[in-house]
Amino acid sequence: MRMVDVITNKRNGKVLTEEEIKFFIQGYTNGSIPDYQAAALLMAIYYKGMTEKETAVLTQTMVDSGETIDLSPITGHKVDKHSTGGVGDKTTFIVGPLVASVGVPVAKMSGRGLGHTGGTIDKLESIEGLNIEMTKQQFIDHVNEIKLAVAGQTGNLAPADKKLYALRDVTATVDSIPLIAGSIMSKKLASGADSIVLDVKTGSGAFMKSLQDSEALAQEMVNIGNHLGRNTIAVISDMNQPLGFEVGNANEVKEAVDVLQGKDIKDLRDLSLELSSQMALLAGIFDTYEEAYESLAENLDNGKAFEVFRSFVEAQGGNVDMIDDLSKLPQAAHDITVEAEAPGYIEGIDAESIGIAAMYLGAGRATKDDQINHGVGITLNKKIGDKIESGEALVTLHSDQQNPVDSIEKVKQAFTISSEQPHVPKLIYKVVK
Ligand code: URA
């Protein structure tokens, strides 16, 4: 087989055969196919798309390019959750212990953040001593004992995706639905869960800005998961503004703990309950959605979910004093308020700009070798639809610099203030099965 023929076929709109897709993925991963031919095929896929079958073969071949995690020594039906990336998204810290509290084992492999979205692992490392590197046996033992463990993703899960993603990044071929779906699902499938709940974000701060594109991506990922033997569903949720009020690392852990202790931070609590209910249903713990939702809400209010979180922190070596007394988590040296220059209603809070402003403070990485500052971040004082007076605080920046001008400027750009009461976006648009 010749790579030029595979490129020609896709360029002419043909459906690639299983052999052609395997030839491409295996050849690109082992270095026998050069970047320029791989880039040409990616661009042809970008324009001509892929059928469901082609995308499933692409995904499975990427899974087979590396290690897969065998979770069978963990008793029970393992359900994983994955978000396509958002700002202020700390649902993992709530959903993990919450579903574990009703008996669903959660064996989570998570990544670090790059760019404007934070990573679960970086946020967790705000807790002194918390260790995300463990042997496979320790990971399995933790899940069997307390039903929850979070480990850093090993470099050898779907290495084909790692190489292809780097090429897509520099060839303007990232935002192709089959390529995103294959990339995300290859890592999820290699991580070994029996069922998968996807949180597909939509809106200004998401990969997919329109609901139509978000639905298409969600459907594609659900089809791949189901086609490859994992029960998969997707919840499409809003990312037209950050989730909750806190953006950063330690302050996101703090907000998640507040919800785990029953505080009603509406969007964060509601989305966490929705994702958890879907996970518990897939695990077969409840018969109806209503039953699942009610029991899970009860475990937020009665402290059972918080107890699981506490046990998880302790089991992974974290300092639980920081969880019992949240003021012991890392804190920045200065709190700086950014004020509204005119009165009105908050019409928009561009999540991506808020994420970038937090990154400028040191909460995120501009390049993969940057160090994270766990104490810095942003607290929103208003959300879309709220009334604001001139001179009232829009946000508080938690900064180690006295005058973080770049972040202040970026935050100001993020807010749109209108004289009329705006439309408040829905939180959950749809569940795709
Ligand atoms: N996240 C991924 O892991 N892959 C993509 O292609 C896009 C987002």
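Hydrogens, waters and symmetry mates play no part in the numbers below; they use all other heavy atoms, side chains included. Both ligands and their constituent atoms are indexed starting at 1 by order of listing.
Ligand 1 lies under 4.0 Å from heavy atoms of Tyr165, Arg168, Ile180, Ser183, Ile184, Lys187, Phe207.
To the nearest 0.5 Å, the span separating CG on Leu243 from CG on Asp267 amounts to 4.5 Å.
Looking at Thr55 and Glu220, their side chains do bring a donor and an acceptor atom within 3.5 Å of each other.
Ring to ring, Phe309 and Phe306 are not that close: their centroids are 6.0 angstrom or more apart.
Scored by the side-chain hydrogen bond (donor to acceptor under 3.5 Å, both in side chains) test, Thr92 finds Lys81 as partners (sequence neighbours excluded). When the side chain to side chain contact (heavy atoms under 4.5 Å, CB included) test is applied to Ser210, the partners found at least two apart in sequence or on another chain are Gln212, Asp213. For the side chain to side chain contact (heavy atoms under 4.5 Å, CB included) test, residues two or more places apart in sequence or in another chain that qualify with Tyr345 are Lys387, Gln421, Pro422.
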